[in-house]
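Following: one structure in C-alpha cells, then a few remarks.
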2 protein chains.
Amino acid sequence: MNTSATPQLRPGGRSARVQAAVHQAVRELQQEDTDGLTVPAIASRAGVTPSTIYRRWGDLTQLLADVAVEQMRPDTAPPDTGTYRGDLETWLGDYLEEIASEPGRKMLRDVLCTPVPDNACRCAEFMAQQVDIIRERAIARGEHVVSTRDVIDHVLSPLLYRILFASEPPSVDDLHHWIAGVLGHRR
Amino acid sequence: MNTSATPQLRPGGRSARVQAAVHQAVRELQQEDTDGLTVPAIASRAGVTPSTIYRRWGDLTQLLADVAVEQMRPDTAPPDTGTYRGDLETWLGDYLEEIASEPGRKMLRDVLCTPVPDNACRCAEFMAQQVDIIRERAIARGEHVVSTRDVIDHVLSPLLYRILFASEPPSVDDLHHWIAGVLGHRR
DNA sequence: TCACTAACGCAAAGTATTTGCGTTAGTTTG
DNA sequence: CAAACTAACGCAAATACTTTGCGTTAGTGA
C-alpha cells in the first residue's frame, strides 16, 4: 500500500531489491509488449509473485504511476546556453518533444490517472526545480528574470494543456511565443 | 469498440437504448457505491450483460471516459453579467469550483486516462465554445476582447494545471489575476 | 547472537474479462 | 409491406486477473 518511493527502514523492511526489479520489469515490458502489460507478466519478469505487487502497489495503475514518476525525475540540469531565454527555449523545447511523443503522453497519463494526487505533485516539483535552476543561473549572470510561477503559469501550463487536451501538440513557435510573453511583461 | 457517441445507422444497429441505460447506471453507481464501480455491477444495474459493455466500450476506463465527457458537456450558456470581464470571472469561477471538487477531479481523470485522445479533445471543444460565447457577446456589446486562444492559454491552462498537478487548487484571486493578465496585454 | 517485524511466496478462493454461438432488433431493399 | 440482411445482444463456458490466509524469510535493533 506504500505508493511512495521512500522506503521506511523498520525491522522487517526489504523493499529496495524488489522495487528495483519490478520497476525495471515494467520499463522493459513497456518497450516490448506494448499491450500485454499485466501484473502477472510484470511479476514473472521481475521474478516475484503477483501478490507481492498487489500488496505493495495496490494495483497496476498505481505501479505504473510510480514508475512514470521516477522516469520523469530529471537526471541532469538543463543545458546552459548562456542566456535566460536560451535556457528556457532549449529546455522547454526538449521537454515538449519528449512529452509530446507517444511514450511521453503515456507517462503523463500514468501519472495523472491515479486517485492519489501525490504523483502529479512530485512531477510538478521536478519541473519547477528545473525552471528554478535556469532562473538562478540567470540571476547569477545578472540577467533580468521572472518568477518560476509565471513561467509555469504561462508557458508550462499551456504547453501541457495542449498536449493533454488538444488534437495537436503545440509547435515550437507556440512555445517561443509563450516564452516571449512572460519575458516581455513584468512582475 | 465504438467509443464515440455518434451512432452509425447501419442495418443491425441498436445503440441508443443500451447506451442510455448504461450511462445512467454509471452515474447512479458513482454517487452511491463510490468504490465498487465494476463492469458487472454496472451491467446488472443497467439490465444488460457484462459482455455487452465489454464489446461496446472495450473496458471500464473507456466507458467512464465516455460518461465523463457527456457530463462535461455544457447544458447552458455562461450567465450574462453585462461585461466581458464579469462573464469570464463568473463562468471560470463556477468552472473552477466544479472541477476542483472531488467528483470534478475524478471526471477529469476519467477523461484523460483513456489512451484515445478523442475524449479530451471534445472537452477542450466544450470549454472553447463557452469562452467563445462570452467573447461573441462582448463583441456585440462593443467591448474590446482578446482571442479565445489567449484565454485558454493563459487562464484555463494554468487553472487546469494547478488542479491536475498542484496539491492545492488555485484561488479565486489567482483566477482574477490571470483574467486581468489577458485582458491587460494586447492581441 | 537472538528476538522482532514487515515483506514475501505459495496456493486456494473469488472476481473480472474474453469468446463462441445462437437469437433478436433495427435497417435496407425489392 | 415483407423479406433479406447486418450488427448488437444474451448466455454460458473458458480464461485471466485479483484477493486473501498462512507459513517462511530477510532485514533490523538490542
Side-chain angles (χ1 to χ4, degrees), chain A residues 1-26 28-30 32-67 110 113-116, chain B residues 1-26 28-30 32-67 110 113-116:
Chain A
M1 214 67 74
N2 169 26
T3 168
S4 82
T6 59
Q8 61 258 57
L9 301 177
R10 303 230 202 78
R14 183 182 3 164
S15 50
R17 211 177 53 237
V18 170
Q19 161 151 345
V22 170
H23 274 226
Q24 184 181 346
V26 169
E28 289 175 9
L29 289 174
Q30 274 178 334
E32 301 168 15
D33 267 6
T34 313
D35 216 18
L37 192 65
T38 67
V39 171
I42 294 165
S44 168
R45 172 70 64 108
V48 300
T49 53
S51 64
T52 296
I53 293 181
Y54 286 116
R55 274 194 256 251
R56 194 158 162 148
W57 282 276
D59 60 21
L60 179 59
T61 67
Q62 293 184 66
L63 169 57
L64 294 183
D66 195 33
V67 173
D110 288 346
C113 289
T114 163
V116 51
Chain B
M1 214 63 77
N2 168 26
T3 169
S4 80
T6 59
Q8 60 257 58
L9 302 178
R10 303 230 201 76
R14 184 185 359 167
S15 50
R17 209 176 55 237
V18 170
Q19 161 150 344
V22 170
H23 274 226
Q24 183 181 347
V26 169
E28 289 175 9
L29 289 174
Q30 274 178 333
E32 302 169 15
D33 265 7
T34 314
D35 216 17
L37 191 64
T38 68
V39 171
I42 294 165
S44 168
R45 172 70 65 108
V48 300
T49 54
S51 64
T52 296
I53 292 181
Y54 286 116
R55 274 196 254 252
R56 195 158 161 148
W57 281 276
D59 61 20
L60 179 60
T61 67
Q62 294 185 65
L63 169 57
L64 294 183
D66 195 34
V67 172
D110 288 344
C113 289
T114 164
V116 52

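So you know, we letter chains A, B, ... as the sequences are listed, proteins then strands, and number each from 1. If you're wondering where the values come from, they're calculated on a predicted model, not measured in any experiment.
Note: CG (A/D59) to P (D/dT19) measures 7 Å, nearest angstrom. In this structure, the CG atom of B/L60 is 21 Å from the P atom of D/dA16, given to the nearest Å. Between the P atom of C/dA16 and the CD1 atom of B/I42 lies a distance of 11 Å, rounded to the nearest Å. Rounded to whole Å, the distance from CD1 on B/I53 to P on C/dT19 is 17 Å. Computed from coordinates, the A/D35 CG to C/dT18 P distance equals 11 Å when rounded to whole Å.
Taking both residues in full, the closest heavy atoms of B/I42 and B/A25 are given as O-CB, 3.7 Å, listed atom of the first, atom of the second, then distance. Closest of all the heavy-atom pairs between B/W57 and B/Q19 is CH2-CA, 4.1 Å. What you find for B/L29 and B/L37 is that their closest heavy atoms are CB-CD1, 3.5 Å. Closest non-hydrogen pair, A/A16 versus A/R56, comes out as N-NH2, 4.5 Å.
Regarding contacts with the backbone of C/dA7, every side-chain N or O of A/R56 stays at 4.0 angstrom or more from both OP1 and OP2. At the phosphate of C/dA16, OP1 or OP2 sits under 4.0 Å from a side-chain N or O atom of B/T38. Listed pair A/R17 / C/dC8 fails the phosphate criterion, with no side-chain N or O lying under 4.0 Å from OP1 or OP2. Considering only side-chain N and O atoms, A/R55 lies nowhere under 4.0 angstrom from the phosphate OP1 or OP2 of C/dC8.
Listed nucleotides C/dG9, D/dC9, C/dG26 differ in distance to A/V48; the shortest reach to its side chain belongs to C/dG9. Considering only the side chain of B/T52, D/dC9 comes nearest among D/dC9, C/dC8, D/dG27. When distances run from any side-chain atom of B/S51 to the nucleotides D/dC11, C/dA11, D/dC17, the shortest one goes to D/dC11.
Within 4.0 Å of A/G47, counting heavy atoms only, lie sugar-phosphate atoms of the nucleic acid but no base atom.
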